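Take a look at the structure below.
Source: prediction; values computed, not measured.
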Amino acid sequence: MNPGYALFLTAAIVPFLRGTAKKIVLVAGCVAALAAWELLDFSSELNVQIGDTTLSLLHVDPLSLVFGLIFTLITLIGVVYALHNDKRSEHAATLGYAGASLGVVFAGDWVSLFVFWELMAVASLFVVWHGGTERSARAGYRYILVHIFGGSLLFVGILVHLAHGGSLEVTALTASDTDSLAFWLILVGVSVNTA
């Protein structure tokens with residue numbers, strides 16, 4: 001199982017809990033994600049067939065394992081640090097963001113990667129807006145405009161890659177590929193949103 005799914009489930013439950021029960025579920029959800037990561041190996045996969053297309057919602061390689069562990073540990077540390085926060089919806093948005101990040105890390109196809117990338121952006125927007133100030137509202141609007149630009153570049157890059165006969169499977173792209181335009185669009189799109 002993708003560790004992000006444990007965080008999505010926790011994010012769905014947390015808004016209905018209060019006090020100690022909320023804190024226990026928050027930590028337990030992160031520990032469950034860490035346990036799911038521990039169970040992953042290079043044969044782990046989760047594929048979904050939609051028509052003639054196979055989406056790979058879980059693809060494990062050495063790099064995804066490292067980043068999956070880092071993201072899961074950071075989420076656990078962040079949740080423990082923020083246990084004093086009473087904003088249940090902020091916890092849900094944060095866990096949604098972390099779950100989507102793990103979705104990106106373990107995505108094996110470009111469609112899944114893009115969908116999780118967009119979920120990550122929406123969830124992080126709600127985290128920013130939870131500041132509850134005029135400044136955080138303006139920052140959220142600026143963020144979404146930048147994300148729309150970066151996400152559009154990523155999306156067009158993926159389309160160009162596929163239009164030039166590229167595989168739906170996420171593989172390493174280089175600037176010397178026949179679809180170097182796709183490489184640059186994807187690189188700039190990811191870089192804009194990462195910054």
Side-chain angles (χ1 to χ4, degrees), residues 1-48 50 55-109 111-133 135-137 139-141 143-144 147 151 170 193-194:
M1 177 176 86
N2 186 325
Y5 300 160
L7 299 178
F8 286 141
L9 179 60
T10 306
I13 295 170
V14 163
F16 302 102
L17 302 174
R18 295 185 189 280
T20 304
K22 179 190 73 173
K23 293 176 182 179
I24 290 170
V25 168
L26 282 168
V27 173
C30 292
V31 169
L34 195 55
W37 175 87
E38 177 63 33
L39 295 173
L40 294 175
D41 60 36
F42 297 125
S43 65
S44 300
E45 63 179 40
L46 174 62
N47 297 321
V48 175
I50 299 177
L55 301 180
S56 177
L57 302 177
L58 177 63
H59 171 78
V60 180
D61 58 40
L63 192 59
S64 66
L65 272 180
V66 170
F67 277 96
L69 176 61
I70 292 168
F71 287 5
T72 306
L73 285 174
I74 288 172
T75 302
L76 175 60
I77 292 166
V79 162
V80 169
Y81 176 79
L83 283 176
H84 68 281
N85 185 347
D86 291 331
K87 295 180 181 176
R88 294 170 292 166
S89 58
E90 186 173 3
H91 284 294
T94 302
L95 290 173
Y97 174 75
S101 298
L102 288 165
V104 168
V105 166
F106 291 111
D109 66 274
V111 173
S112 299
L113 184 141
F114 182 74
V115 168
F116 283 122
W117 190 266
E118 294 300 306
L119 284 173
M120 201 171 63
V122 170
S124 62
L125 175 63
F126 284 111
V127 171
V128 171
W129 277 347
H130 269 90
T133 65
R135 184 176 177 201
S136 66
Y141 287 118
Y143 170 78
I144 200 64
H147 173 75
V170 175
N193 288 335
T194 302

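- Between the CG atom of N193 and the CE atom of M120 there is a distance of 7.0 Å, given to the nearest 0.5 Å.
- Side-chain contact between H91 and L26 is present, with heavy atoms from C-beta onward closer than 4.5 Å.
- How far CG of L125 is from NE2 of H147: 9.5 Å, rounded to the nearest 0.5 Å.
- Applying the side-chain contact (heavy atoms from CB on, under 4.5 Å) test to F67 and every residue at least two apart in sequence or in another chain returns L63, F71, V105.
- Between G96 and A123, the shortest heavy-atom distance links the atoms C-CB, 3.9 Å.
- At distances below 3.5 Å, not a single donor-acceptor pair connects side-chain atoms of H59 with backbone N or O atoms of S44.
- E38 meets the side-chain hydrogen bond (donor to acceptor under 3.5 Å, both in side chains) test with no other residue; sequence neighbours excluded.
- From D109, atom CG reaches atom CG of L57 across 7.0 Å, with rounding to the nearest 0.5 Å.
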>> For a side-chain contact (heavy atoms from CB on, under 4.5 Å) check, start with the C-alpha distance between L9 and I13, then their side-chain angles and the critical distance, and finish with the verdict.
In response: CA-CA 6 Å; L9 179 60; I13 295 170; 4.0 Å; yes
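- For Y5, the ring pair (Phe, Tyr, Trp, His ring centres under 6.0 Å) criterion is met by no residue, not counting sequence neighbours.
- With sequence neighbours excluded, the residues forming a side-chain hydrogen bond (donor to acceptor under 3.5 Å, both in side chains) with H130 are S89, listed by chain and number.
- For W37, there are no ring pair (Phe, Tyr, Trp, His ring centres under 6.0 Å) partners two or more places apart in sequence or in a different chain.
- Taking all atoms of both residues into account, the shortest heavy-atom contact from A6 to G29 is CB-O, 4.1 Å.
- For V128 against G140, the heavy-atom pair with the smallest separation is CG1-N, 3.7 Å.
- Residues F106 and V60 are in side-chain contact: their nearest non-hydrogen atoms beyond the backbone lie under 4.5 Å apart.
- A donor-acceptor pair under 3.5 Å links the side-chain atoms of S136 to the main chain of T133, judged by distance alone.
- Annotation: side-chain hydrogen bond (donor to acceptor under 3.5 Å, both in side chains) contacts of Y143 (sequence neighbours excluded): S124.
- Here the side chains of T75 and L7 are in contact, with some heavy-atom distance below 4.5 Å.
- The main-chain N or O of L58 is never found under 3.5 Å from a side-chain atom of N2 such that the two would form a donor-acceptor pair.
- Across I144 and Y141, no two heavy atoms sit closer than the pair CG2-O, 3.2 Å.
- C30 SG to I74 CD1: the interatomic distance, rounded to the nearest 0.5 Å, is 12.0 Å.
- For L73, the side-chain contact (heavy atoms from CB on, under 4.5 Å) test picks out L34, L69, with sequence neighbours left out.
- Residues satisfying the side-chain contact (heavy atoms from CB on, under 4.5 Å) test with V66, not counting sequence neighbours, are I70.
- With sequence neighbours left out, the side-chain contact (heavy atoms from CB on, under 4.5 Å) criterion links T94 to E90, V127.
- Contact between S43 and D41 at its shortest, heavy atoms only, is OG-OD1, 2.5 Å.
- Scanning for ring pair (Phe, Tyr, Trp, His ring centres under 6.0 Å) contacts around F16 gives an empty result, with sequence neighbours left out.
- Looking at every heavy atom in both residues, S56 comes nearest to S112 through O-OG, 3.9 Å.
- Taking F42 as the reference, nothing meets the ring pair (Phe, Tyr, Trp, His ring centres under 6.0 Å) condition, with sequence neighbours excluded.
- Sorted by first and then second residue, the side chain to side chain donor-acceptor pair (under 3.5 Å) pairs involving residues 13-22 (not counting sequence neighbours) form an empty list.
- Taking the side chain as every heavy atom from C-beta outward, T10 and V79 never approach each other to under 4.5 Å.
- The OG atom of S101 sits 11.0 Å away from atom CG of L95, with the distance rounded to the nearest 0.5 Å.
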> Going through the distances and angles, do V27 and L83 end up as a side-chain contact (heavy atoms from CB on, under 4.5 Å)?
Replying inline: CA-CA 9 Å; V27 173; L83 283 176; 4.0 Å; yes
